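Note that the coordinates shown come from a computational prediction; the quantities given were computed from them, not determined experimentally. Keep in mind that the numbers below use all heavy atoms, side chains included, and drop hydrogens, waters and symmetry copies. Lettering of chains follows the sequences in order, A, B, ..., and the numbering in each one begins at 1.
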Amino acid sequence: MTTLLEVDNLSKQFRGLRAVSNVSFSVPEGAIVALIGPNGAGKTTTFNLIAGVMPPNEGEVRLAGRRLTGLRPDQVCAAGVGRTFQLVKPFGDLSVEDNVLVGALHRRPRIADARRHAVQVLELLELGPKRHQIARGLTLPERKRLEVARALATEPRILLLDEVMAGLRPTETDRLVEVLRDLNRDTGMTILLIEHVMRAVMALSSRVVVLDHGVRISEGAPAEVVADPKVIEVYLGSALESGEEGSGP
Amino acid sequence: MTTLFDQLTARGRVALGLFALALLAVPFFADGYLISVITLVLWFAYVGQAWNVMMGFAGQLSLGHSLYVGLGAYASAALFVHFGVGPWAGVWLGMLAATLAGAIIGTLGFRFAIRGVHFALLTIAFAEFTRIAFDHIGWLGGSGGFFLPVGDAAGANPFDLRGSPALFYYVILALTFGALALCRRLLHSRIGYFWLAIREDQEAAQAVGIDVFRAKLIAVMISAAMTSLGGVFYAFFYNNLFPEQIFSVGRSIELILAPVIGGIGTLFGPIFGAFILTPLAELVTWGVESAGLDMPGIKQIFYGLALVAIVVYRPEGVWPWVARHLRLVHQPGDQPSHRAGDRP
């Protein structure tokens, strides 16, 4: 498999705090890779560095060989990166359909065409029946899926999902896992996800990258990573095995 | 344009049709005073609609829209007085000047990430220093005022916008309907959706590929150009321009009252708000005067009270509330074609 996303020696400092130090990993085309680690490990910062929200102090990010570092978030999106936000950011006063329509308009300038595409994406995320509701009124699990739908509607080459399972009940988690797995299998969508819910990580990802205090401490297949003593030490053991509650260790 | 009023119910369409007919008929039954009041109402509705593009759609607060009114007014008046060029040609210079001013303010504000209240302060600052500059431009009358030759009030010369109150009435009515149609169109366009997204969450809008700087700049420029047309009308209607009046902060505030009271971000809010506010203010002034009281500034006090009442009781504006209760618009989830995003 060819490499789609390359994170190369990325570092970011906030007033002396090294949030991310010299992190490197890559995401092969068509793969699902999980980025895990305790709170404050630098996962979301890494996402923001990839998405162009802020520039890194060192290193760079490449998508299919093209340098993303230095681009604005909208340009990163145009290059083919779709992202969700950990704290969901729906366009609250717009309908569910219009939220996704805005994403679809990115590559489909005609409203009718974009709306058709938006409806398809909503069906995929099982939000079809909700599409005329105002986004503000959705439940948290629905808003999480809306977040994914909106990012997906921009027709990215890679989807960055920031804790889309957090706060979901196990049955809801399983459903979303199913949706993402189908998406990956049917369309070959590459996915990089930050996740605390190990149930989802184990079910979805082909590779796992573990961060702690901004440093990559382990990388490998899910089964290898959870057996890694360094990872177990960081997570204080048992939490990795269950992950049922969806809360982080 | 079949979608122009698609979220209105049958009842809403009938109400709107009757309202439009009544407006068209006004000069046939109303006296001069009533025509002038409704002309003023429509002027505020029109300029409010223009301001709403920036605030209501794109979420960018401008408290300096008097700048664009003034630029439109002075540009067209100067062409008319000094070069004999009529307003229909002068309009273009007015729009160009206002659009340019809007582009400068927008570029400064958005490039340096000045947001919210600070951006609003920037808009005030530009209007204020333009006012001071115009005080000192002798060619345009300076602080002493700039005057247009008063035309024949009985006749009608639409080409030079000189004529009877009815002529002015129909011009501003056409502008108001035109602005409504344009805003409706904008709201259903790609850029319209981008504006709504930016208004709701700028970071999320950027993440779905919207060039936020560009979209906001377009909003300011369209709003400024539309507003400047109101300025051209103002110049030829009143025939006198004073920098203290036309560029004043008070004027900027007055401009935004109709959409704020009617409903920010709604299409009918600015019109509805203007029809509530201006007649009420006239009524209050008339009441106070006929009671033999001398209270200059009573109108401003009334505006202040109206604003407070709106902020406390109907922060989303009067129009959405009225439309809901009179069932003039479809309720969310009523009908598959309803789009919650646009507020009628």
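- Taking every heavy atom of both residues into account, A:Cys77 and B:Gly209 meet most closely at SG-N, 3.4 Å.
- Distance CZ/B:Phe213 to CG/A:Asp74: 12.0 Å, rounded to 0.5 Å.
- Looking only at distances, no side-chain donor or acceptor of B:Arg190 sits under 3.5 Å from a matching main-chain atom of A:Val102.
- Within the model, atoms NZ of A:Lys89 and CD of B:Gln202 stand 10.5 Å from one another, a figure rounded to the nearest 0.5 Å.
- Here CG of B:Asp201 is found 12.0 Å from CG of A:Asp93. Values are rounded to the nearest 0.5 Å.
- The residue among B:Val212, B:Ile210, B:Val208 with the most heavy atom pairs within less than 4.5 Å of chain A is B:Val208.
- A side-chain donor-acceptor contact under 3.5 Å links B:Glu200 to the backbone of A:Gly92.
- To the nearest 0.5 Å, atoms CG (A:Asn48) and CD (B:Glu203) are separated by 7.5 Å.
- With a 4.5 angstrom heavy-atom cutoff, A:Arg110 does not touch chain B via any of its atoms.
- When the shell of 6.0 Å around CZ of A:Phe14 is examined, it contains more than 12 heavy atoms from other residues, nucleotides or ligands.
- Heavy-atom distances place the side chain of A:Ile111, and not its backbone, under 4.5 Å from chain B.
- Pairing each heavy atom of B:Ala204 with each of A:Arg150, the nearest pair is CB-NH2, 3.6 Å.
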Could you walk me through whether A:Phe91 and B:Leu196 pass the side chain to side chain contact (heavy atoms under 4.5 Å, CB included) test, one step at a time?
CA-CA 8 Å; A:Phe91 302 130; B:Leu196 295 180; over 6 Å; no
